[in-house]
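One structure is given below, encoded as structure tokens.
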Amino acid sequence: MKLTGGQIVVDTLVREGVPYLVGIPGPQTLGLLDALLGQDRLQMLQVRHEQAAVFLADGYYRVAGTPLAVLASMGPSAMNTLSGVVSCAVDSVPVLVLAGSGPAEMADRGELQELERGRAGGSLAVFAPVARGVWRPASAAHVPRALQSAFAGMLTGRRGPAVVDLPLDVQCEAANVELAFPYAYRAGGQVLPDPDLVQRAADLLAMAHRPVILAGGGVLAAEAWDELQALAELLEAPVLTTMMGKGAFPEDHVLAGLHAGWLGSTCGNALARSADVLLAVGTRFAPRSTSHYRQGVTYSIPPTRLIHLDLDPGQIGRHYPVEVGIVSDARAGLAALLDRLRALGVSPSIGGARAGYLDEVTRLRNEWLTRVREVATDARRPVTVPRLVAELRAHLRRDAIVLTSSGTTQAHWLREATIYEPRTNLTPGGLGAMGWTLPAALGARLAAAPGRQVVGLMGDGDFLMTIQELATAAQYDIPVVLVVANNAGWIGLRDLQAAAYGPERVTGAEFLKGREPVTPDLASLARGFGCYSEWITSPEEVGPALERAFAARRPAVVEVMVERDDIPSGGQEQAWCDVPVPAYLAERRARYEELAGAR
């Protein structure tokens, strides 16, 4: 059939099941925009900043498992997507960026908004190090192959973003093409593990006295949570989670070892460092989840014997030596281990050899939860962040989806909130982008079933980075609830400065006018965008305000004035973060070098 390049793009997105094209139109996207007319299966969503378009697509994928397409034009518009593309690359989230550009014959001539200095196709070169691939079809006839390659790259192996540059003349010219369905150009199925390696891993696990399973984001990506729970119960092994893996295992389960690492729990860190065999699944052992590799703080590898199962062979043995390294999809790998262990005759030994170990897991978890409850019952006004987290968890359903970005609210939610179900704890764990929560929450709300609770929890610094997307929420009546913990600054950074360099050296992290904290009236700003909003200060107000926000059935913002001095829950007392100290702070530098040398 004869189709324009723009029509080919629309038809391909529909065939791939993409429901939304998210972005901002520009002169170089006119041909693609026109091709949207006359069909109703692909909807254009206008955002107010291109970065937010990628973050929205990120949130949508994490809930629905379907990638979205992002629309940008050349120059500053495409560049605005870059931080979102990098975030998706680090967190293995597929998103397709469609970047319009000027007519092909004008390429590399310095047209308005074109980046051509230093090398041809400069805009595309910016994406090359982080995207799964970058394509620029030279004609409409080449568009199908470019899109097919992009989708195959995004959704095969370790997933991630792809970029297709579409010259305006390519969007508008027509070609005779035959479009294929995804099964014709994209590999299906799972990456299966090597049986010999599975046997070796099963033997190790069967002989272990203190086995621990570490679940990363790869478990969620592979939808392997059932296999994970079955394996844990078979081995009677506690399950820890990384930041990206939190939710893969129910944290009210008797084998829940909770979160480990710098932002982890005392329970998780104690179990991790005392394991004799560690099965790590779908994780890259990022610095945060390992207390920056300091030996014996979170992990003790060796003497702990490591079995590392991951889809990406580049991650195996990268940070810790492995006893067995298995390249596999998490679901296939866990299923194979289950089968092999059952064939070996392994079964739960209730009251048997591991009874004392399971009692220890329960004791450590209860000790941690007791400490969390102590800080979560603080009655001061304004409310503390731990109390806010506790009130939110108490008033949300088990399957509520909560999104957080980098900062104090993220740290407390990860440490203190009990997560019960998969894909209910969404956070940018790799890049740690601020400004992520609001637009990602819009995407999550669009992807979630009607009536399901979706909450974005963020600080005021995070909120103000993408506050303009309240206009998007109001325009499309997206009934998301946003809870903004207002402490007038980037207080997590302030607290890190104080801990590493001393409280007298805090600078640049607080919103001050003179010496007094200053903040906009965020609730009033939200009302100005057309959202429901409330302003509260006390713990007792959180639950009722949340209920009213959900009942409003439109975008809602609950601004919560919170205590500016952080209330630690105790996890960081046993963890460590590698923050180098300037040499002129001699005493603190000496202490830092002592701790750093223990890695």
Side-chain angles (χ1 to χ4, degrees), residues 10 13-14 16-25 36 39-72 81 84-85 87-88 91 93-98 154-155 159 161 220 247 396-397 399-405 421-428 433 435-458 463 466-483 526 529-532 549-550 552-557:
V10 172
L13 294 180
V14 169
E16 284 281 359
V18 176
Y20 298 110
L21 176 64
V22 191
I24 296 178
L36 291 170
Q39 60 83 41
D40 60 2
R41 297 178 64 184
L42 178 65
Q43 180 184 351
M44 171 74 180
L45 291 181
Q46 300 166 325
V47 292
R48 272 50 179 185
H49 194 284
E50 295 87 352
Q51 178 198 56
V54 185
F55 288 161
L56 187 153
D58 187 347
Y60 186 95
Y61 176 79
R62 294 182 194 228
V63 175
T66 300
L68 298 186
V70 167
L71 179 66
T81 69
V85 170
S87 183
C88 287
D91 286 350
V93 174
V95 59
L96 177 63
V97 176
L98 300 171
M154 287 194 303
L155 297 171
R159 300 180 175 187
L220 292 170
L396 290 173
R397 302 177 194 138
D399 70 344
I401 299 169
V402 177
L403 302 92
T404 59
S405 298
E421 298 188 13
R423 293 179 173 172
T424 58
N425 175 72
L426 310 185
T427 196
W436 183 88
T437 302
L438 196 169
L442 300 185
R445 176 61 273 167
L446 289 168
R452 191 169 182 186
Q453 294 176 333
V454 178
V455 174
L457 171 62
M458 72 205 87
F463 182 58
T466 46
I467 191 173
Q468 75 280 347
E469 299 311 322
L470 291 180
T472 302
Q475 178 181 351
Y476 297 103
D477 292 319
I478 303 173
V480 68
V481 173
L482 305 169
V483 177
F529 278 103
C531 302
Y532 175 83
F550 282 121
R553 297 186 179 180
R554 59 190 175 108
V557 174

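If you're wondering where the values come from, they're calculated on a predicted model, not measured in any experiment.
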side-chain contact (heavy atoms from CB on, under 4.5 Å) partners of Leu220, counting only residues at least two apart: Trp225, Ala248, Pro422
Partners of Thr81 by side-chain hydrogen bond (donor to acceptor under 3.5 Å, both in side chains), sequence neighbours excluded? none
Under the rule for side-chain contact (heavy atoms from CB on, under 4.5 Å), what residues qualify as partners of Ala526, not counting sequence neighbours? Leu470, Cys531, Ser533, Val557
For Phe55 versus Gly435, what's the shortest heavy-atom pair and its separation? CD1-O, 3.6 Å
Taking atom CD of Glu421 and atom CD1 of Ile401, what is their separation to the nearest 0.5 Å? 9.5 Å
Non-neighbouring partners of Phe463 that pass ring pair (Phe, Tyr, Trp, His ring centres under 6.0 Å), sequence neighbours left out: none
Heavy atoms of Pro428 and Ala433 approach each other most closely as CG-O, 3.7 Å
Phe529 versus Ala471, closest heavy-atom pair with distance: CD2-N, 3.6 Å
What residues, two or more places apart in sequence or in another chain, satisfy side-chain hydrogen bond (donor to acceptor under 3.5 Å, both in side chains) together with Thr466? none
I need the full list of salt bridge (charged side-chain N to carboxylate O under 4.0 Å, His left out) pairs touching residues 55-71, with sequence neighbours left out, sorted by first then second residue. Asp58-Arg62, Arg62-Asp91
Would you say that Ile24 contacts Val47 through its side chain, given a criterion of any heavy-atom pair below 4.5 Å between the two side chains? yes
Working note: Met154 + Leu96, criterion side-chain contact (heavy atoms from CB on, under 4.5 Å); need CA distance, chi angles, decisive distance, verdict. CA-CA 8 Å; Met154 287 194 303; Leu96 177 63; 3.9 Å; yes
Contact check, side chains of Tyr476 and Gln46, non-hydrogen atoms, under 4.5 Å: yes
Compile the donor-acceptor pairs under 3.5 Å between side chains in residues 63-72 and protein atoms, sequence neighbours left out, one pair per line.
none

Heavy-atom closest pair, residues Gly23 and Ala53: CA-CB, 4.0 Å
From Leu442 CG over to Ile478 CD1, what is the distance, rounded to the nearest 0.5 angstrom? 4.5 Å
Going by the rule side-chain contact (heavy atoms from CB on, under 4.5 Å), which residues pair with Arg41 if we only count those two or more places apart in sequence or in a different chain? Val14, Gln39
With Tyr20, which residues qualify under ring pair (Phe, Tyr, Trp, His ring centres under 6.0 Å), at least two apart? Tyr60
Any idea which heavy atoms bring Val97 and Val85 closest together, and the distance? CG2-CG2, 3.7 Å
Report yes if some heavy atom in the side chain of Met458 is under 4.5 Å from a heavy atom in the side chain of Leu482; otherwise report no. yes
I want to check something: taking the side chain as every heavy atom from C-beta on, are Thr437 and Leu457 in contact at a cut-off of under 4.5 Å? no
Would you call Leu13 and Leu98 a side-chain contact if the rule is heavy atoms closer than 4.5 Å? yes
Pairing residues for Arg159 by the side-chain contact (heavy atoms from CB on, under 4.5 Å) criterion, not counting sequence neighbours: Tyr61, Pro94, Leu155
Ignoring hydrogens and geometry, is there a side-chain-to-backbone donor-acceptor pair from Glu469 to Arg48 under 3.5 Å? yes
I'd like to check Leu45 versus Leu446 (side-chain heavy atoms, cut-off strictly below 4.5 Å). Are they in contact? yes
May I have all residue pairs that pass salt bridge (charged side-chain N to carboxylate O under 4.0 Å, His left out) and include part of residues 438-447, sequence neighbours excluded? none
CA sep, side-chain torsions, deciding dist, call: Phe550, Val455, side-chain contact (heavy atoms from CB on, under 4.5 Å): CA-CA 10 Å; Phe550 282 121; Val455 174; 3.6 Å; yes
For a quick test of reading the model, state the closest non-hydrogen atom pair linking Leu426 to Ala444 and the distance between them. CD1-CB, 4.2 Å
Residues two or more places apart in sequence or in another chain: which of them pass salt bridge (Lys or Arg N to Asp or Glu O under 4.0 Å) with Arg452? Asp399
